[in-house]
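These numbers come from a predicted model, not from an experiment.
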Amino acid sequence: MHVGQCPWLLATLSAPPFVPRTLVFAATLLALLAGLAYAGDAAWRRTVRRWVDADVTLRSRLAVAAADASLTEQWRAGDGRLQRTLVAIARDERVLGVAACSEDGALLAVTASMPDAVTCREVSRSARRRAVDSLPYTRIVDLDSTALHIAAVPITTPIDGGGFVVLVHDLRYAVVRASSARRQILTAFLLLALSASGVTVLAAALAQRQWLLALRRALAGEDTPALRPLVREIRALARHLAGDPTEKALEGSWTAERLRHTLVRLLDGERLVILANREPYIHQRVDGEIRVMQPASGLVTALEPVLRACSGTWEAHGSGTADRDVVDRYDRVAVPPGEPAYQLRRVWLTEAEEQGYYYGLSNEGLWPLCHVAHARPTFRIEDWAHYRAVNQRFADAVCEEVDGDDPIVLVQDYHFALAPRMIRDRLPGATIITFWHIPWPNAERIGICPWHEELLEGLLGSSVLAFHTQQHCNHFLDAVDAYLEARIDRESVAIVQGKRRTLVRSYPISIEWPMRRLEGALSVAAARQAVCAEFGLPAGTRIGVGVDRLDYTKGIEERFGAVDRLLATHPELVGRFVFIQIAAPSRSKIDHYRDLDARVTALAAEINGRWQRGAYRPILLQRSHHEPADVIRYFRAADLCYVSSLHDGMNLVAKEFVAARDDAQGVLVLSRFTGAARELTEALIVNPYDLDESTQALAAALAMPVAEQQVRMRAMRRLVSEFNVYRWAGQMLLDAADLRQRERLHGRLQHTPLQR
């Protein structure tokens with residue numbers, strides 16, 4: 001749910017900050033600062049009093065010590081010399097008076113300015129009571145306009161007894177200075193308090209505004225990691241107030257809306273995180289400009305509509321020449337361009353990592369290992385090291401993107417066999433759905449890989465491990481049974497390791513329905529006319545089409561051989577039939593693919609040379625990337641589409657051709673070695689290695705009556721419409737939700753104490 005779908009929530013988040021609440025906050029802050037100032041002032045007074053007492057006491061002791069010899073000599077004499085010594089001590093303008101007192105409190109001598117309030121008897125009694133190690137007795141007496149400091153400094157005489165010299169200091173100077181400093185400090189503190197209050201209120205207002213803006217963006221679909229948990233709670237509340245989708249809304253055909261409701265109802269509307277090597281949009285720099293391209297990939301064709309429907313993050317290798325130029329500081333960019341629905345998080349690889357992880361282990365090792373296409377797999381220890389390191393990096397990036405401790409993660413394909421276990425180690429509560437898009441070989445063949453046990457262990461980090469066909473599931477179960485210590489639960493088709501259960505399921509992948517790319521597409525007649533004009537073909541030319549990456553598993557050489565034999569056995573088609581082969585270059589850094597490119601190009605030239613009649617060439621080889629709109633145009637213009645894969649997981653080109661033919665015409669010739677052949681049984685199913693069978697199927701397709709074409713095509717379109725990509729994703733998510741619920745209930749039961 002986006003914020004725009006909830007008017008009351010939009011109004012709440014659009015409201016200005018609540019001013020009275022801010023004022024209350026400011027007043028409270030000022031009150032606290034005033035209390036702090038009051039306490040500070042009392043502490044200041046006590047501190048100043050101690051400072052003054054210590055200073056004046058020291059001065060008194062020094063004055064008495066300077067006259068100690070005279071005082072000792074004159075103490076018992078009782079003549080005028082004692083008086084004169086006291087007067088000399090009292091010359092300091094801050095000394096009001098000095099008196100000599102005997103130990104029993106008798107006055108021996110006193111200066112004329114001694115205040116009447118100070119008497120020898122009272123001072124001597126207090127001094128005797130508090131005397132410690134001959135230290136002076138001191139006291140500060142507060143008066144109306146000033147304060148007096150009284151210090152009784154002990155003195156001893158060689159004759160019996162001793163006494164005290166009492167010095168009285170006027171502390172008016174200290175009071176004035178302390179009051180002035182106090183006023184300055186309080187003024188500075190007041191200004192600081194007001195400034196702090198103002199800055200705090202302003203910062204709070206700005207922070208509140210920024211927080212609301214960030215929350216609005218997060219609710220609108222923009223990824224904001226810090227607000228993910230709150231956004232999830234707000235969306236849940238909004239759904240609760242708006243009313244949950246009813247069971248009736250979840251019935252019928254699978255659509256993008258139904259898939260979205262499924263996530264809301266069963267998985268709390270959580271965002272998905274998809275981990276795939278290939279990115280759905282590539283930014284390339286062409287002639288100084290940045291252009292956005294969609295790669296030729298069945299994986300992208302299948303998954304991109306799912307993420308459009310559910311929102312979330314697609315994490316992939318950033319391989320475009322301008323990919324770094326468009327991402328933010330978190331390496332994210334909102335896609336699709338112009339109508340963003342989810343985030344694309346790019347992970348960067350060095351050239352050595354890409355060579356080892358992608359070209360090395362993935363495509364020179366695992367790809368030929370899993371496809372029975374007679375290519376020898378190559379395994380290098382350094383490639384394995386890069387594969388592990390890159391899997392760990394992508395797994396760590398997934399953990400950075402998730403909302404909480406139990407996210408939903410979709411791991412895609414053979415590039416990330418180790419990632420499920422790595423994610424599981426960091427997020428034990430995650431729901432991890434891994435889909436293996438290529439065939440899974442039998443147990444004996446997977447054992448060729450030196451690290452087959454590590455691959456199996458990595459994949460078993462998944463909650464649900466999915467393949468295209470049940471045969472692939474069976475092969476995986478057999479491999480686990482042969483190489484790992486695990487229990488195979490054949491009844492529920494699961495693998496159990498300790499307390500961890502991994503479901504193994506077949507989910508035939510599909511495409512979106514209705515196909516979004518058909519919006520604005522040329523009509524069938526207009527598409528045929530445009531294609532004929534593009535290649536200079538005369539009207540009435542029969543057209544066959546093939547769409548593939550340039551890969552040895554796609555049977556392109558066998559396809560060209562069938563076209564060559566078709567022209568040889570049906571000479572009436574020479575000059576009247578062309579086959580347009582779109583072959584997007586792929587993995588050109590691998591020798592096997594460069595050799596294939598050279599062979600395919602040479603074979604097309606050889607066949608064209610054999611059948612060329614003027615400008616006529618039977619095979620039109622297009623060795624370049626084509627945007628989806630161009631591919632749709634070729635599909636709609638064609639009389640037939642030939643998918644001749646030697647071994648394939650599903651092959652979505654077959655389903656895309658069916659979806660593109662809303663006129664219910666055209667014929668699909670399909671290899672039996674594709675997963676699609678198990679579903680699209682109304683196609684002409686062939687063995688691409690058998691050129692006679694393939695040639696006969698091509699001829700039958702060109703001769704097939706329109707009525708039969710329509711019967712076959714409508715049946716296949718019904719199947720693709722019902723078993724579309726939303727159903728594929730929905731069934732996986734339903735199984736994942738069921739597993740998640742059972743695990744939560746099991747955990748709850750384990751932590752519930754037994755009632756007695």
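- Each salt bridge (charged side-chain N to carboxylate O under 4.0 Å, His left out) pair with one or both residues in residues 567-585, not counting sequence neighbours, would appear here, but there are none.
- The list of side chain to side chain donor-acceptor pair (under 3.5 Å) pairs with a residue in residues 694-704, not counting sequence neighbours, reads Y642-S694.
- Ion pair D551/R587 flagged as a salt bridge, since at least one NZ, NE, NH1 or NH2 atom sits closer than 4.0 Å to an Asp/Glu carboxylate oxygen.
- Remark: E512 does not engage R308 in a salt bridge, criterion side-chain N to carboxylate O under 4.0 Å.
- E682 has no carboxylate O lying under 4.0 Å from a charged side-chain N of R714, or vice versa, which leaves the two without a salt bridge.
- Under the 30°/60° scheme for interplanar angles, the aromatic rings of W436 and W440 are found to stand perpendicular.
- Side-chain atoms of R559 never come within 3.5 Å of backbone atoms of G546 as a donor-acceptor pair (strictly under, hydrogens ignored).
- In this structure, the side chains of F673 and P688 come closer than 4.5 Å at one or more pairs of heavy atoms.
- A salt bridge does not link R727 to E722: none of the charged nitrogens lies less than 4.0 Å from a carboxylate oxygen.
- In this structure, D413 contributes its side chain and H415 its backbone to no donor-acceptor pair below 3.5 Å.
- Between the side chains of N391 and Y357, no donor-acceptor pair of N or O atoms lies under 3.5 Å.
- Y358 has its ring centre no less than 6.0 Å from the ring centre of H317.
- For E627, the side chain to side chain donor-acceptor pair (under 3.5 Å) partners at least two apart in sequence or on another chain are H625.
- For the pair S644 (side chain) and G555 (backbone), a donor-acceptor distance under 3.5 Å is present.
- S462 places no side-chain N or O within donor-acceptor distance of the main-chain N or O of L465, the cut-off being under 3.5 Å.
- For D663, the side chain to side chain donor-acceptor pair (under 3.5 Å) partners at least two apart in sequence or on another chain are R661.
- With sequence neighbours excluded, the residues forming a salt bridge (Lys or Arg N to Asp or Glu O under 4.0 Å) with R712 are E708, listed by chain and number.
- Between L646 and Y689, the closest side-chain pair of non-hydrogen atoms falls below 4.5 Å.
- H472 and H468 have perpendicular rings, their planes meeting at more than 60° on a 0 to 90° scale where under 30° would count as parallel.
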Inset, instruction - Evaluate side-chain hydrogen bond (donor to acceptor under 3.5 Å, both in side chains) for Y507 paired with D735, printing each intermediate quantity in order. - result: CA-CA 11 Å; Y507 303 103; D735 284 348; 2.4 Å; yes
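- Annotation: F577 is not in aromatic contact with W611 [ring centroid separation under 6.0 Å not met].
- Under 3.5 Å, the side chains of Q470 and N474 contain a donor-acceptor pair of N or O atoms.
- A side-chain N or O of Y414 and one of N363 form a donor-acceptor pair less than 3.5 Å apart.
- The residues K554 and D648 are annotated as salt-bridged, a charged nitrogen and a carboxylate oxygen being separated by less than 4.0 angstrom.
- Heavy atoms of other residues, nucleotides or ligands lying less than 6.0 angstrom from CZ of R445 number more than 12.
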Quiz: residues 516-524 side-chain donor-acceptor pairs under 3.5 angstrom, not counting sequence neighbours:
from	atom 1	to	atom 2	distance (Å)
R516	NH2	E304	OE1	3.2
R517	NH1	E656	OE2	3.1
S523	OG	A526	N	3.1

